[in-house]
**Q** 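A single structure is presented below for examination.
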Amino acid sequence: MTAVLFDFSGTLFRIESTDAWLRAVLDEAGITLAEAELTRAARELESVGALPGGLAPQVPMPDELAAVWNVRDESAELHRAAYTGLSRLVTLPDPALHDALYERHMLPAAWQAYPDAAEVLRALRERGTKVGVVSNIGWDLRPVFRAHGLDPYVDEYVLSYEHGIQKPDPRLFKTACTALGVAPRDVLMVGDDRRADGGAAALGCGVHFVDHLPAAQRPDALRAVLDLVK
């Protein structure tokens, strides 16, 4: 293998908890909720899947919203519409909070790198292995990598909304291979979504999966990549 492609959310980084996400936005807005009300709202936001990078929706969504959800990562506008639409299924004390929640999740402070991410990326760089990030996303994640000190280890970013293509479409992985100047057969795709990230196999890439867990519960899953890439 001469290159490794990594997914973003659930692979290299983990979004903050729904509770922390909501508390940060309420604090910024100067709104105080009783603890029971805050807990209720956080639980409902989590249930409808309103936090990008968090749990998928666990309840049915309206048909018109489901249509947007299925293509949400093809553009910034669709991504925002899908997640703010889900958020608006939950009653909050101020309607402006729904957009504020969406804005919050794009901040570097809302993300935490997995404990072994820097170590693994640094080791790949030292070996001369090229690294790309291939993400289904609706916004520019590069500032997150820069803020957490991981940008120097990434050669290319291939983001779905910039190409109008979502994983598992092989064309997105092909775009990454071309950008890195490597053949798919010499590439390992690392991700947490067996359907989306597994699409790289159709192109001939190797595929390795990690579990989408809170950072504290997954301290060293990425280290296996160093054994797979010799």
Side-chain angles (χ1 to χ4, degrees), residues 1-15 49 52-58 61 66-79 81-83 114 116-117 120-121 123-125 127-142 144-145 150 153-213 218 221-230:
M1 298 292 179
T2 59
V4 181
L5 304 177
F6 289 94
D7 174 50
F8 168 56
S9 175
T11 301
L12 291 175
F13 283 86
R14 171 76 182 209
I15 190 68
L55 295 178
Q58 301 166 50
M61 64 181 75
V68 176
W69 173 260
N70 290 333
V71 293
R72 65 192 182 279
D73 295 314
E74 292 183 5
S75 76
E77 295 76 17
L78 288 168
H79 194 269
Y83 283 103
Y114 279 95
D116 54 346
V120 170
L121 292 176
L124 291 172
R125 172 52 56 89
R127 293 180 181 184
T129 304
K130 295 182 179 180
V131 170
V133 171
V134 183
S135 178
N136 277 353
I137 198 165
W139 50 277
D140 187 3
L141 52 72
R142 296 173 182 86
V144 176
F145 280 78
L150 300 188
Y153 308 124
V154 179
D155 297 291
E156 296 288 343
Y157 296 91
V158 177
L159 312 181
S160 62
Y161 85 102
E162 294 181 337
H163 299 275
I165 304 169
Q166 296 183 159
K167 296 181 291 185
D169 192 321
R171 290 179 296 168
L172 200 64
F173 303 106
K174 177 62 175 176
T175 297
C177 292
T178 299
L180 291 171
V182 294
R185 66 178 179 275
D186 297 325
V187 174
L188 178 69
M189 175 67 207
V190 182
D192 66 296
D193 188 320
R194 280 160 174 73
R195 177 180 176 275
D197 300 313
L203 194 64
C205 300
V207 180
H208 177 69
F209 297 109
V210 293
D211 293 324
H212 189 158
L213 295 171
R218 213 196 74 192
L222 291 171
R223 289 178 185 160
V225 172
L226 298 179
D227 294 325
L228 295 170
V229 181
K230 298 294 188 180

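Numbering starts at 1 and runs along the sequence shown.
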**Q** So does Val131 get a backbone contact from the side chain of Asp155, meaning a donor-acceptor N/O pair under 3.5 Å?
**A** yes
**Q** Which residues satisfy the ring-ring contact (aromatic ring centres under 6.0 Å, His included) test with Tyr153, sequence neighbours excluded?
**A** none
**Q** Determine whether a donor-acceptor pair (N or O, by modelled atom type, separation under 3.5 Å) exists between the side chain of Arg127 and the backbone of Leu226.
**A**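 Pair found, side chain donor or acceptor close to backbone of Leu226.
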**Q** So, taking the atom named CG in Asp73 and the one named CD1 in Ile165, what distance separates them when rounded to the nearest 0.5 Å?
**A**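 Output value for this atom pair is 12.5 Å.
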**Q** Stepwise, does the side chain to side chain contact (heavy atoms under 4.5 Å, CB included) test hold for Leu172 with Asn136?
**A** CA-CA 9 Å; Leu172 200 64; Asn136 277 353; 4.1 Å; yes
**Q** Have a look at Cys205 and tell me which of Leu188, Val187, Val4 forms a side-chain contact (heavy atoms from CB on, under 4.5 Å) with it.
**A** Val187
**Q** Where is the tightest heavy-atom contact between Met1 and Arg185, given as atom of each residue plus distance?
**A**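 Shortest heavy-atom contact: SD-O, 4.1 Å.
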**Q** Just to verify, what does Glu77 make a salt bridge (Lys or Arg N to Asp or Glu O under 4.0 Å) with, not counting sequence neighbours?
**A** none
**Q** How many angstroms lie between OG1 in Thr129 and CG in Leu180, if you round to the nearest 0.5 Å?
**A** 11.0 Å
**Q** Identify the two heavy atoms, one from Arg218 and one from Gly10, that lie closest to each other, and give their separation to 0.1 Å.
**A** NH1-O, 2.9 Å
**Q** How close do Gly199 and Pro170 get, counting heavy atoms only, and between which atoms?
**A**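 Residues Gly199 and Pro170, closest heavy atoms: O-CG, 4.3 Å.
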**Q** Determine yes or no for a side-chain-to-main-chain donor-acceptor pair under 3.5 angstrom, with Glu156 supplying the side chain and Thr178 the backbone.
**A** no
**Q** Where do Val225 and His208 come nearest, in terms of heavy atoms and distance?
**A**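 Taking Val225 first and His208 second, the nearest heavy atoms are CG2-CD2, 4.2 Å.
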**Q** Taking side-chain contact (heavy atoms from CB on, under 4.5 Å) as the definition, give me every residue that meets it alongside Thr2, ordered by chain and number, with sequence neighbours left out.
**A** Val182, Asp186
**Q** Hey, could you give me the NZ/CZ distance between Lys130 and Arg125, rounded to the nearest 0.5 Å?
**A** 10.5 Å
**Q** Identify the two heavy atoms, one from Met189 and one from Asp7, that lie closest to each other, and give their separation to 0.1 Å.
**A** CE-N, 3.6 Å
**Q** Test: ring-ring contact (aromatic ring centres under 6.0 Å, His included). Region: residues 155-183. Which pairs qualify, not counting sequence neighbours?
**A**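 Applying ring-ring contact (aromatic ring centres under 6.0 Å, His included) to every pair that reaches into residues 155-183, excluding sequence neighbours, yields Phe145-Tyr157.
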**Q** Got a sec, which pairs hit side chain to side chain donor-acceptor pair (under 3.5 Å) with one end in residues 190-201, sequence neighbours left out?
**A** Thr11-Asp192, Lys167-Asp197, Asp192-His212
**Q** Is the backbone N or O of Leu222 less than 3.5 Å from a side-chain atom of Asp116, with the two atoms forming a donor-acceptor pair by type?
**A** yes
**Q** Would you check if Phe13 and Leu141 make a side-chain contact, meaning some heavy-atom pair closer than 4.5 Å?
**A** no
**Q** Taking all atoms of both residues into account, what is the closest heavy-atom pair of Gly54 and Ile15, and its distance?
**A**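 Taking Gly54 first and Ile15 second, the nearest heavy atoms are N-CG2, 3.8 Å.
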**Q** Main chain of Ile137, side chain of Ser160: is a donor-acceptor contact present, judged purely on distance under 3.5 Å?
**A**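 Side chain of Ser160 to backbone of Ile137: a pair is present.
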**Q** For the CD atom of Glu162 and the OG1 atom of Thr175, what is their distance to the nearest 0.5 Å?
**A**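 Here the rounded value is 11.0 Å.
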**Q** Which residues pass the ring-ring contact (aromatic ring centres under 6.0 Å, His included) test with Tyr83, not counting sequence neighbours?
**A** Trp69, His79
**Q** Is the shortest side-chain heavy-atom distance between Val133 and Arg142 below 4.5 Å?
**A**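 No. Closest side-chain heavy atoms not under 4.5 Å.
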**Q** Drop me the distance from Phe6's CZ to Leu150's CG, to the nearest 0.5 angstrom.
**A**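 Between Phe6 CZ and Leu150 CG, I get 10.5 Å after rounding to 0.5 Å.
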